[in-house]
Number of protein chains: 2
Amino acid sequence: MSISQATELLRTAGIPVTQQRVEIVRAMLSFPTHLSADQVFARVRQSVPETSRATVYNTLKLFREKKLVRELIVDPERLVYDSNTSPHYHLYNAENGQLTDVSADELQVIGMPSLPPGLQLEEVDVIIRVRTRSG
Amino acid sequence: MSISQATELLRTAGIPVTQQRVEIVRAMLSFPTHLSADQVFARVRQSVPETSRATVYNTLKLFREKKLVRELIVDPERLVYDSNTSPHYHLYNAENGQLTDVSADELQVIGMPSLPPGLQLEEVDVIIRVRTRSG
DNA sequence: TTCTCTGCAAAAGCTTTGCAACATC
DNA sequence: GATGTTGCAAAGCTTTTGCAGAGAA
């Protein structure tokens with residue numbers, strides 16, 4: 001993604017543009033990806049070496065609030081950021097950390113319980129955990 | 001759960017019996033519960049104050065391997081241990097940490113993708129994330 | 001000037017590890 | 001005595017926070 005495209009995307013989202021944010025957008029949103037905060041940090045460092053880890057972490061939280069990315073909780077070790085914010089599910093291989101999207105057309109959750117009064121649905125996560133076949 | 005019941009349970013699972021393990025079984029498996037490692041630690045401390053945090057953490061990992069408990073990854077802050085190891089799903093309120101079981105009879109996942117060759121299904125997690133109604 | 005953003009370093013929180021002491025068989 | 005278990009403290013990791021300086025409006 002070009003710098004001007006990333007800049008435009010930030011403006012549309014109502015986020016003040018800075019060089020770091022542009023680079024974080026480019027790292028996260030150029031292609032569909034699943035990246036940890038530290039992976040984003042490493043990528044951004046390649047273009048802007050004087051970027052701090054704290055800025056990357058804070059910016060990803062900001063992007064999440066603005067719905068530019070989604071946080072995935074699939075691994076106890078680290079949070080993963082997903083560039084795809086539309087409803088979909090995941091297939092996860094803990095052995096190699098590989099995360100694959102499963103579209104919401106393909107897979108459906110039926111029989112959703114009615115929520116107790118006062119509660120509001122936020123989202124439904126489905127994680128299909130797999131491992132390399134042993135036997 | 002009585003000490004002798006917990007002891008029997010450990011024997012059946014093929015786990016050498018120790019006082020700490022008996023107390024961890026009693027804390028985790030007397031009733032259906034969802035507890036963090038530290039919550040288990042706090043409970044065990046009440047009966048056996050000279051128990052160390054490391055022992056609780058290690059023992060819970062051991063119990064997971066032996067399928068006495070299940071690890072739930074619902075919150076990036078901490079791991080939660082579930083006393084219910086049979087297939088079921090969860091409703092989670094991040095605001096207060098409350099976790100509720102949803103039975104597999106009630107809720108079903110349909111359209112499971114066929115796994116790439118060499119991969120084996122381990123489990124399917126469904127987490128219904130809710131929050132207190134704002135509007 | 002005023003407000004926001006950034007970098008650095010330190011802190012925080014959960015979990016694991018190293019090691020010596022202790023139990024158990 | 002060999003093996004496995006425990007406690008303690010320290011280390012490890014990811015993530016957050018405090019604060020001063022830099023930048024933008």
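Below, read A as the first sequence line, B as the second, and so on, with proteins coming before strands; counting in each chain starts at 1.
- Of the candidates D:dG7, C:dT15, D:dT14, D:dG7 carries the atom nearest the B:Thr55 side chain, counting heavy atoms from C-beta on.
- Distance CD (A:Glu50) to C1' (D:dG21): 15 Å, rounded to an integer number of Å.
- Between A:Val56 and B:Asn58, the residue anchored nearer the 5' end of DNA chain C, judged by the nucleotide with its closest heavy atom, is A:Val56.
- A straight line from CD of A:Gln19 to C1' of D:dA24 spans 14 Å, rounded to a whole angstrom.
- For B:Gln20, taking side-chain heavy atoms from C-beta onward, the closest of the listed nucleotides D:dT15, C:dA9, D:dT6 is D:dT6.
- Within 4.0 Å of A:Ser36, counting heavy atoms only, lies no atom of the nucleic acid at all.
- Distance B:Arg53 CZ to C:dT17 P: 17 Å, rounded to the nearest Å.
- Remark: A:Tyr57 is in phosphate contact with D:dT15, judged by side-chain N or O atoms under 4.0 Å from OP1 or OP2.
- Spacing between atom CG of A:Asp38 and atom C1' of D:dG12 amounts to 13 Å, rounded to whole angstrom units.
- Rounded to whole Å, atom P of C:dT15 lies 10 Å from atom CD of B:Glu77.
- For the pair A:Leu72 CG and D:dT15 P, the interatomic distance rounds to 13 Å; values are reported in whole Å.
- The distance from atom CG of B:Leu62 to atom P of C:dT17 is 14 Å, rounded to the nearest whole Å.
- In this structure, a donor-acceptor pair under 3.5 Å is absent between the side chains of A:Tyr92 and A:Gln98.
- A salt bridge links B:Lys61 to B:Glu71: one of the charged nitrogens lies within less than 4.0 Å of a carboxylate oxygen.
- Among the nucleotides C:dT17, D:dT15, C:dT15, the one closest to any side-chain atom of B:Ala54 is C:dT17.
- The CG atom of A:Leu10 sits 11.0 Å away from atom NZ of A:Lys66, with the distance rounded to the nearest 0.5 Å.
- Among the protein residues, B:Arg21 comes within range of the sugar-phosphate backbone only, with heavy atoms under 4.0 Å from sugar or phosphate atoms but none that close to a base.
- The distance from the OG1 atom of A:Thr100 to the NE2 atom of A:His34 is 7.5 Å, given to the nearest 0.5 Å.
- In summary, the side chains of B:Ser52 and B:Thr55 do present a donor paired with an acceptor at a separation below 3.5 Å, with no hydrogens or angles considered.
- Within 4.0 Å of A:Pro16, counting heavy atoms only, lie sugar-phosphate atoms of the nucleic acid but no base atom.
- Note on A:Thr18: a side-chain N or O is less than 4.0 Å away from OP1 or OP2 of C:dT6.
- If you take CZ of B:Arg78 and P of C:dT16, they are 14 Å apart, rounded to a whole angstrom.
- The shortest distance between the side-chain N/O atoms of A:Ser52 and the OP1/OP2 oxygens of C:dT6 is not below 4.0 Å.
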